[in-house]
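Since the model is a prediction, treat every value here as computed from it, not as a measurement.
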Amino acid sequence: MDKQIKPLTLFHTDGCHLCELAEAQLVSLKLPFEMVDICDDETLAEQYGIRIPVLMNNHNQQELGWPFEPQDIEDFIGA
């Protein structure tokens, strides 16, 4: 099975209202992304715990921290 890495990663955790808003923006833009729950990894929890939601561009490892709007996401990925 080919496990291709999606171009964007949304770091989140369950029950995070802001994370749900960020996810909805990505869905509305019809962008392919994967969600990574920071609670599943102690290192990620330390790194992103007070900053989520955070969007990472997996092509260049740049991060976009909350708050952001759909236009910010498009600018971030160069759309």
Inset, instruction - Any chance you could measure Leu8, atom CG, to Asn57, atom CG, to the nearest 0.5 Å? - result: 6.0 Å
Inset, instruction - Over all heavy atoms of both residues, which pair between Ala22 and Leu10 is shortest? Give the atoms and the distance, please. - result: CB-CD1, 4.0 Å
Legend entry - Heavy-atom closest pair, residues Thr13 and Cys19: N-SG, 3.9 Å
Inset, instruction - Find the distance between CD (Glu63) and OH (Tyr48) and round it off to the nearest 0.5 Å. - result: 3.5 Å
Inset, instruction - Can you see which heavy atom on Pro7 is nearest to which on His59, and at what distance? - result: CB-NE2, 3.5 Å
Legend entry - Spacing of CZ belonging to Phe33 relative to OG1 belonging to Thr9, to within rounding of 0.5 Å: 10.5 Å
Legend entry - Separation between CD of Glu34 and CG of Leu26, rounded to the nearest 0.5 Å: 12.0 Å
Legend entry - Donor-acceptor pair, side chain of Glu23 and main chain of Met35, under 3.5 angstrom: no
Inset, instruction - Verify the distance criterion only: is there a donor paired with an acceptor across the side chains of Gln71 and Asp75 at less than 3.5 Å? - result: yes
Inset, instruction - Determine whether Leu55 and Trp66 make a side-chain contact, defined as any pair of heavy atoms from C-beta on separated by less than 4.5 Å. - result: no
Legend entry - Whether over 12 other heavy atoms sit under 6.0 Å from Glu42 CD: no
Inset, instruction - Is it possible for you to say whether Leu64 and Val27 belong to one hydrophobic cluster, with membership spreading through side-chain heavy-atom contacts below 4.5 Å? - result: yes
Legend entry - Spacing of Phe76 atom CZ and Leu31 atom CG [to the nearest 0.5 Å]: 11.0 Å
Legend entry - Side-chain heavy-atom pair Gln62, Met56 within 4.5 angstrom cut-off: no
Legend entry - From Phe11 atom CZ to Ile52 atom CD1, the distance as rounded to the nearest 0.5 Å: 11.0 Å
Legend entry - Cluster overlap Ile38 with Leu18, hydrophobic side-chain contacts below 4.5 Å: no
Inset, instruction - Start with the C-alpha gap between Val36 and His12, add the side-chain angles, then the distance that decides, and say whether side-chain contact (heavy atoms from CB on, under 4.5 Å) holds. - result: CA-CA 6 Å; Val36 174; His12 76 103; 5.5 Å; no
